[in-house]
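This structure is a prediction, so every number in the text was calculated from the model and none was measured.
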Amino acid sequence: MSLRRARWAPSASLENLALRARLLAAVRAFFARRGVMEVEVPHLAAAPVPDTHLQSFSVPTVEGDRYLQTSPEYHLKRLLAAGSGAIYQLGRAFRRGEAGGRHNPEFTMLEWYRPGWSLERLMDEVEELLRELLGVPPGERRSYRQAVGDALGMDPFRASARELAQRAEALGLGAVEGLAKEDREGWLDWLVSRAAEPDFGRGRPLFVYDFPASQAAMAKVEEGVARRFEVYLEGVELANGYDELLDADEQRRRFLHQLEARKRRGLEPVPLDERLLEAMEAGLPSCCGVSVGFDRLVMLAAGADRLSEVVAFPWERA
């Protein structure tokens, strides 16, 4: 390809874009057969997620800043509180600072919610979707303690920051710039991402469930573990599911804790999503929800190594 053509041409082949179109249609057919309603929620909202690991794009408007959403979660939960029943969105999401082989600042996310379902039943449905779209064999399910513990050779729930740092050094991962010696969660995340996840889901999907309570995000915490799961295939994280937290007061407490963490790390302050909290106060039904990185799913279906092979115009060509 000439340099001039490379400036305007899509990075994905037309064959991969045709595959992407077939998978988009297949996802919609999957949920139509199950009576799950497709909805559309705003890309721009008055408040972003306060999570320190997810950075939003801010957009100035005449009414003040609005934020491109990192996922449709907050709006979908407001619909659930209004009595929508089972719903999904297949659309764009945005995360600042995430670009690379498996990340693009603008990406496609599939997210759905099942009122009244257990986390185990939702895992069943995720597996059904992956088997239908990718033709994979039945998945394996392992607790976080089992999967990560076997990969690291230590109990991830009990290991100290010092022990985790020592294990990173023993595995040749070395020191991490900006990661304090006492940052236990930081060392655990680093080890899991470098020494565990690359081997997860080889040959069949791996469902990792019951995470440390410190990684609950918006999931319930029961018996000391966060009731959530992640799905991996060929070392790629595909999905993240929760037994959703229903308590508005607890959610507010977690949000405020995240805002304090943002302040400590020198990140810009952001407003809380009071509309979400009001919806939770009004009554979010018992539900489980999951998000799937659709671009990564297409990447695996195509046998590709990078998102740019299945996205028409990635960040560097947008």
Side-chain angles (χ1 to χ4, degrees), residues 49 51-54 71 73 102 111 114 117-127 129-130 136-168 170-171 173 176 179 182-246 250-251 254 257-258 261 287-293 296:
V49 296
D51 194 314
T52 58
H53 298 100
L54 298 176
S71 92
E73 179 174 5
R102 295 179 182 176
E111 186 160 329
R114 286 289 199 168
W117 278 30
S118 67
L119 203 62
E120 290 70 26
R121 190 176 178 188
L122 183 59
M123 284 192 275
D124 290 341
E125 187 166 59
V126 173
E127 183 172 307
L129 178 70
L130 295 181
V136 294
E140 177 186 10
R141 299 185 187 182
R142 305 189 72 198
S143 72
Y144 184 97
R145 173 169 265 138
Q146 292 170 327
V148 174
D150 287 351
L152 303 184
M154 61 199 312
D155 187 340
F157 283 79
R158 297 190 177 190
S160 66
R162 180 180 179 183
E163 290 169 331
L164 292 167
Q166 289 174 338
R167 182 53 53 92
L171 292 173
L173 298 177
V176 184
L179 185 57
E182 66 277 8
D183 186 353
R184 183 186 182 281
E185 289 302 315
W187 283 109
L188 181 58
D189 287 345
W190 173 254
L191 273 169
V192 171
S193 65
R194 299 305 190 276
E197 290 180 354
D199 294 323
F200 282 173
R202 294 295 174 179
R204 60 173 175 163
L206 172 64
F207 290 74
V208 179
Y209 63 90
D210 283 356
F211 279 61
S214 58
Q215 299 179 30
M218 298 183 76
K220 290 178 181 175
V221 175
E222 295 177 351
E223 298 181 358
V225 297
R227 291 290 293 152
R228 52 172 291 221
F229 67 85
E230 291 184 357
V231 185
Y232 296 85
L233 182 60
E234 305 304 340
V236 177
E237 181 191 339
L238 274 182
N240 189 2
Y242 296 160
D243 188 347
E244 302 293 344
L245 178 66
L246 307 179
E250 170 61 13
Q251 188 61 72
R254 292 187 192 181
H257 178 76
Q258 289 174 328
C287 61
C288 289
V290 62
S291 60
V292 175
R296 293 183 180 184

Arg202, CZ: over 12 other non-hydrogen atoms inside 6.0 angstrom
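Yes.
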For residues [X] and [Y], determine if any side-chain heavy atom of one lies less than 4.5 Å from a side-chain heavy atom of the other.
{"X": "Leu245", "Y": "Arg254", "answer": "yes"}
{"X": "Leu130", "Y": "Val292", "answer": "no"}
{"X": "Phe207", "Y": "Val126", "answer": "yes"}
{"X": "Glu127", "Y": "Pro138", "answer": "yes"}

One pair to check against side-chain contact (heavy atoms from CB on, under 4.5 Å): Glu230 and Phe211. What are the steps and the verdict?
CA-CA 9 Å; Glu230 291 184 357; Phe211 279 61; 3.6 Å; yes
So, for [X] and [Y], which heavy atoms are closest and what is the spacing to 0.1 Å?
{"X": "Ala161", "Y": "Trp187", "value": "O-CD1, 4.2 Å"}
{"X": "Ser214", "Y": "Glu185", "value": "OG-OE2, 2.8 Å"}
{"X": "Asp189", "Y": "His53", "value": "OD2-NE2, 4.3 Å"}
{"X": "Ala151", "Y": "Ala195", "value": "CB-O, 4.1 Å"}
{"X": "Arg194", "Y": "Pro198", "value": "O-CG, 3.6 Å"}
{"X": "Ala213", "Y": "Gly224", "value": "CB-O, 3.8 Å"}

Hey, could you give me the [atom1]/[atom2] distance between [X] and [Y], rounded to the nearest 0.5 Å?
{"X": "Met218", "Y": "Glu73", "atom1": "CE", "atom2": "CD", "value": "4.5 Å"}
{"X": "Leu233", "Y": "Arg204", "atom1": "CG", "atom2": "CZ", "value": "11.5 Å"}
{"X": "Asp199", "Y": "Leu206", "atom1": "CG", "atom2": "CG", "value": "11.0 Å"}
{"X": "Leu179", "Y": "Trp190", "atom1": "CG", "atom2": "CH2", "value": "8.5 Å"}
{"X": "Arg142", "Y": "Tyr232", "atom1": "CZ", "atom2": "OH", "value": "13.0 Å"}
{"X": "Leu188", "Y": "Phe157", "atom1": "CG", "atom2": "CZ", "value": "9.0 Å"}

Looking at [X] and [Y], would you say the former's side chain and the latter's main chain have a donor-acceptor pair under 3.5 Å?
{"X": "Arg114", "Y": "Val290", "result": "no"}
{"X": "Arg227", "Y": "Ala219", "result": "no"}
{"X": "Glu234", "Y": "Gly203", "result": "yes"}
{"X": "Arg145", "Y": "Pro156", "result": "no"}
{"X": "Gln215", "Y": "Pro212", "result": "no"}

Worked verdict on Phe229 versus Leu122 for side-chain contact (heavy atoms from CB on, under 4.5 Å)
CA-CA 10 Å; Phe229 67 85; Leu122 183 59; 4.1 Å; yes
For Glu244 and Lys220, run side-chain contact (heavy atoms from CB on, under 4.5 Å): C-alpha distance rounded to whole Å, both residues' side-chain angles, the deciding distance at 0.1 Å, then the answer.
CA-CA 6 Å; Glu244 302 293 344; Lys220 290 178 181 175; over 6 Å; no
Among Asp243, Asn240, Asp210, find the one that has a side chain to side chain donor-acceptor pair (under 3.5 Å) with Arg228.
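Result for side chain to side chain donor-acceptor pair (under 3.5 Å) with Arg228: Asn240.
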